[in-house]
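Note sheet for the following structure.
Any value given below was found using the heavy atoms of this structure, including those in side chains, with hydrogens, waters and symmetry copies removed.
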Amino acid sequence: MAEKISVMISEEEIENRVREIGAQISKDYQGKEIHMICVLKGGVYFMTALSKRIDQDIPVTLDFMSVSSYGDETKSSGVVKIVKDLDQPLDGKDVLIVEDIIDSGRTLYYLMDLLRGRKPASLRLCTLLDKPSRRERDVKVDYTGFEIEDKFVIGCGMDYQQRYRNLPYIGVVEQV
């Protein structure tokens with residue numbers, strides 16, 4: 001079976017919104033250091049773009065986690081598995097989790113609870129895409145790029161069976 005991809009959010013719209021979020025984060029974190037945690041693999045594209053849009057006078061450090069609840073499926077299995085944990089402790093740091101998409105909220109709910117236990121000074125969440133209609137767990141999102149309807153999307157780091165991450169736009173996958 002082949003896939004048909006249609007554009008949901010253009011590259012230009014994404015670039016403009018990332019610039020706006022970067023400006024807001026810069027304002028909110030003025031005088032602080034931001035420890036950004038990227039949720040791999042999908043979040044790396046967004047975090048890279050976002051970190052370049054944060055004011056240069058704000059120190060930014062980066063770390064990475066790999067958390068899985070999808071496998072090769074298009075819907076979350078509900079089982080959260082940490083594939084790669086952080087390299088650095090969070091004690092006393094102002095932490096910003098950067099995610100590509102929040103769907104049911106189960107993975108982020110689990111992850112934020114886990115990270116709160118590591119005693120950061122603050123813990124905020126930033127996502128490129130949010131599907132609030134699919135929310136099963138209450139997760140507070142501090143910075144959202146776009147709220148989208150319940151469609152399976154790819155591009156800007158998001159994949160379908162490890163493909164399409166490199167698309168510069170957000171697309172919708174349909175089986176044909």
Side-chain angles (χ1 to χ4, degrees), residues 14 18 21-22 25 28-29 32-54 59-148 150-167 170 173:
I14 293 165
V18 169
I21 295 169
I25 288 171
D28 294 348
Y29 283 87
K32 297 180 181 181
E33 181 175 312
I34 304 172
H35 186 67
M36 296 175 81
I37 296 175
C38 174
V39 181
L40 296 171
K41 297 176 185 171
V44 73
Y45 289 79
F46 179 44
M47 186 167 85
T48 300
L50 181 62
S51 65
K52 292 189 286 186
R53 298 295 180 220
I54 294 172
V60 174
T61 57
L62 308 177
D63 206 344
F64 301 87
M65 284 189 92
S66 183
V67 182
S68 176
S69 67
Y70 281 83
D72 283 338
E73 303 302 318
T74 60
K75 294 200 184 302
S76 173
S77 67
V79 177
V80 178
K81 178 175 125 180
I82 295 182
V83 180
K84 183 219 174 292
D85 207 341
L86 298 173
D87 294 330
Q88 302 172 22
L90 298 182
D91 192 32
K93 294 182 179 179
D94 290 301
V95 174
L96 179 63
I97 299 171
V98 180
E99 178 65 288
D100 55 356
I101 188 166
I102 300 175
D103 194 320
S104 69
R106 291 188 302 229
T107 301
L108 265 296
Y109 183 87
Y110 172 84
L111 183 60
M112 292 190 74
D113 190 50
L114 175 75
L115 297 181
R116 271 189 212 95
R118 298 181 185 186
K119 304 196 181 353
S122 66
L123 183 63
R124 291 184 180 173
L125 177 58
C126 179
T127 187
L128 178 59
L129 301 178
D130 190 5
K131 289 185 190 177
S133 67
R134 299 250 317 137
R135 197 74 84 242
E136 295 176 17
R137 297 301 301 240
D138 188 27
V139 176
K140 180 181 184 273
V141 183
D142 300 283
Y143 307 98
T144 301
F146 302 91
E147 281 191 13
I148 63 169
D150 185 18
K151 294 193 182 268
F152 189 78
V153 293
I154 44 86
C156 295
M158 290 164 279
D159 71 295
Y160 174 63
Q161 298 180 344
Q162 296 301 324
R163 298 180 317 187
Y164 306 118
R165 290 186 192 278
N166 61 322
L167 297 177
I170 303 297
V173 176

Return the minimal non-hydrogen interatomic distance between [X] and [Y], and the atom names on each side.
X    : Y    : value
G155 : I170 : O-CD1, 3.9 Å
G157 : R165 : O-NH1, 2.6 Å
I21  : C126 : CG2-SG, 4.0 Å

Looking at [atom1] of [X] and [atom2] of [Y], how far apart are the two atoms once the value is rounded to the nearest 0.5 Å?
X    : Y    : atom1 : atom2 : value
C156 : L128 : SG    : CG    : 6.0 Å
I154 : R163 : CD1   : CZ    : 10.0 Å
R116 : L123 : CZ    : CG    : 6.0 Å
F152 : M158 : CZ    : CE    : 9.5 Å
D87  : L62  : CG    : CG    : 11.5 Å
D85  : D63  : CG    : CG    : 8.5 Å

Are the side chains of [Y] and [X] in contact, using a 4.5 Å heavy-atom criterion?
X    : Y    : answer
T107 : V39  : no
R135 : D130 : yes
F64  : V44  : yes
V141 : L108 : no
L114 : M65  : yes
D28  : D142 : no
Y110 : R137 : no
F46  : T127 : no

With a sphere of 6.0 Å drawn around [atom1] of [X], does it hold more than 12 non-hydrogen atoms of other residues, nucleotides or ligands?
X    : atom1 : result
Y109 : OH    : no
K41  : NZ    : no
K84  : NZ    : yes

Before giving the answer on side chain to side chain contact (heavy atoms under 4.5 Å, CB included), spell out for V83 and L40 the whole-Å C-alpha distance, their side-chain angles and the decisive distance to 0.1 Å. CA-CA 9 Å; V83 180; L40 296 171; over 6 Å; no
If the threshold is 4.0 Å, N to carboxylate O, is there a salt bridge linking K140 and D138?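 Salt bridge absent between K140 and D138.
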Test item: side-chain donor near acceptor, Y143 and R124, under 3.5 Å: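 The criterion, which ignores hydrogens and geometry beyond distance, is satisfied for R124 and Y143.
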Any side-chain to backbone donor/acceptor pair from K131 onto K151? Under 3.5 Å, distance only.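 Such a contact is found between K131 side chain and K151 backbone.
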Identify each donor-acceptor pair in which a side-chain atom of residues 89-101 lies under 3.5 Å from a protein atom, sequence neighbours left out, and give them as a table.
residue: K93; atom: NZ; partner: Q88; partner atom: OE1; Å: 3.2
residue: K93; atom: NZ; partner: P89; partner atom: O; Å: 3.1
residue: D94; atom: OD1; partner: S122; partner atom: OG; Å: 2.6

